[in-house]
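Keep in mind that this is a model prediction, so the values were computed, not measured. Naming: A, B, ... by sequence-line order, numbering from 1 per chain.
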There are 2 protein chains.
Amino acid sequence: MERFLSSAINKVDKKGRVSIPAVFRPALKGGSTLYATLSVDQPAVEAGGPELLEVNEKRLAAMDSFSPEYEYFSLLVHGDMNIMNIDGEGRVILSDAIREHTGITNQVAFVGRGHFFQIWEPERFQAYREEARAKVAEMRRALSAGNGQGKDTGT
Amino acid sequence: MERFLSSAINKVDKKGRVSIPAVFRPALKGGSTLYATLSVDQPAVEAGGPELLEVNEKRLAAMDSFSPEYEYFSLLVHGDMNIMNIDGEGRVILSDAIREHTGITNQVAFVGRGHFFQIWEPERFQAYREEARAKVAEMRRALSAGNGQGKDTGT
DNA sequence: TGGGATAGCTTGGGCGTCAATGGAAAATCA
DNA sequence: TGATTTTCCATTGACGCCCAAGCTATCCCA
């Protein structure tokens, strides 16, 4: 599999290690390094292989390197980047910054997002997921009120 | 690693020495000299190997050589350059000028910026980091409002 | 179709190595 | 010679690497 699909919850051991779900590892193509950034609008972390870094650097390359936007974005892409080594058993150690940002203590939710995956504190993820559902339901009601079609779309 | 990525906080000892984070040393390619300039618009220092000189000279070359900006920047790049020796344990001593400009007392934040890295007083860095996160979140919202796409950071 | 065997995923722990830090000895300068 | 800097050595704690065990899902065969 080349993409990150499905989700899983794993435990953090005494040494602070967590197994990356086995279903995600093929998408990392055997690399032993994980690149991760703290999401700017959620208590989550977005992680993936080196492509994650390359993608962001391409974006930077397309920006005016003297603009304040470049400055801010580069800080997040380079300075705020978390680099994690994957051990022989497919585990990583979460940095203090990650634990602080996500609220993770002894359990981690891994959520596939296609070309990257997210790391959440399980309860917060659950809350976010329900919020997302509620939002979608609300949007659908608004749409149906507007055009009179309202019937379910099957999904 | 050829680039400076991630960040770390290290202590200053009684003699004024600080360890350069081990993850940055490969990017210095074993050189024992650190070149550093005081950042113009932040209470930070920008440091790196000899290439940093070249980079700054390229920047100069891109500027109008009769402009006052050129004059000042040239002075900063050449005259205000701090040269630091890296000792056997990978430590450097911060000059008075650097301590004054950054406000550093007994802790130093090292922040990767790609082809160079920054040195900050940790609390000031934290404030700047949050500012950057807020600004990037704002940029992203502006973008999504414009094209209707979400906050997907992956691609 | 049921049950046992098997392989692989997750988790736990031991141990050696290296990074970060502190301090002493040696060298340099005024 | 006193003071300050540079080099060298020691300590501590974190991290990487290795091995082991429990669990689960899958596969195979009767």
Value in whole Å for how far the C1' atom of C:dT10 lies from CZ of A:F110 = 11 Å
Quick one: list whatever passes salt bridge (charged side-chain N to carboxylate O under 4.0 Å, His left out) with A:D96, sequence neighbours left out.
-> A:R99
Calculate the interatomic distance between A:I20 atom CD1 and C:dT11 atom P; express it in whole Å.
-> 12 Å
Among A:R124, A:E123, A:R129, whose side chain to side chain donor-acceptor pair (under 3.5 Å) with A:Q126 holds?
-> A:R129
Under 3.5 Å, is there a donor-acceptor pair linking the side chains of A:Y72 and B:E138?
-> no
Under 3.5 Å, is there a donor-acceptor pair between the side chain of B:R25 and the main chain of B:I20?
-> yes
In whole angstrom, give the distance that lies between atom CG of A:N10 and atom P of C:dT10.
-> 5 Å
Tell me what A:I9 touches on the nucleic acid: a base, only sugar-phosphate, or nothing, going by heavy atoms under 4.0 Å.
-> nothing
Phosphate-side-chain proximity, A:K14 and C:dG13, N/O vs OP1/OP2 below 4.0 Å | yes
Just by distance, with hydrogens left out, do A:E57 and A:H78 show a side-chain donor and acceptor under 3.5 Å apart?
-> yes
Can you tell me if A:N10 and A:S19 form a side-chain donor-acceptor pair at under 3.5 Å?
-> no
Counting primed atoms, P, OP1 and OP2 as sugar-phosphate and everything else as base, the B/S/- map of nucleotides 12-23 of chain D against protein heavy atoms under 4.0 Å is ----BBBB----
Measure from CG on B:D13 to C1' on D:dA10 and round the result to the nearest Å.
-> 15 Å
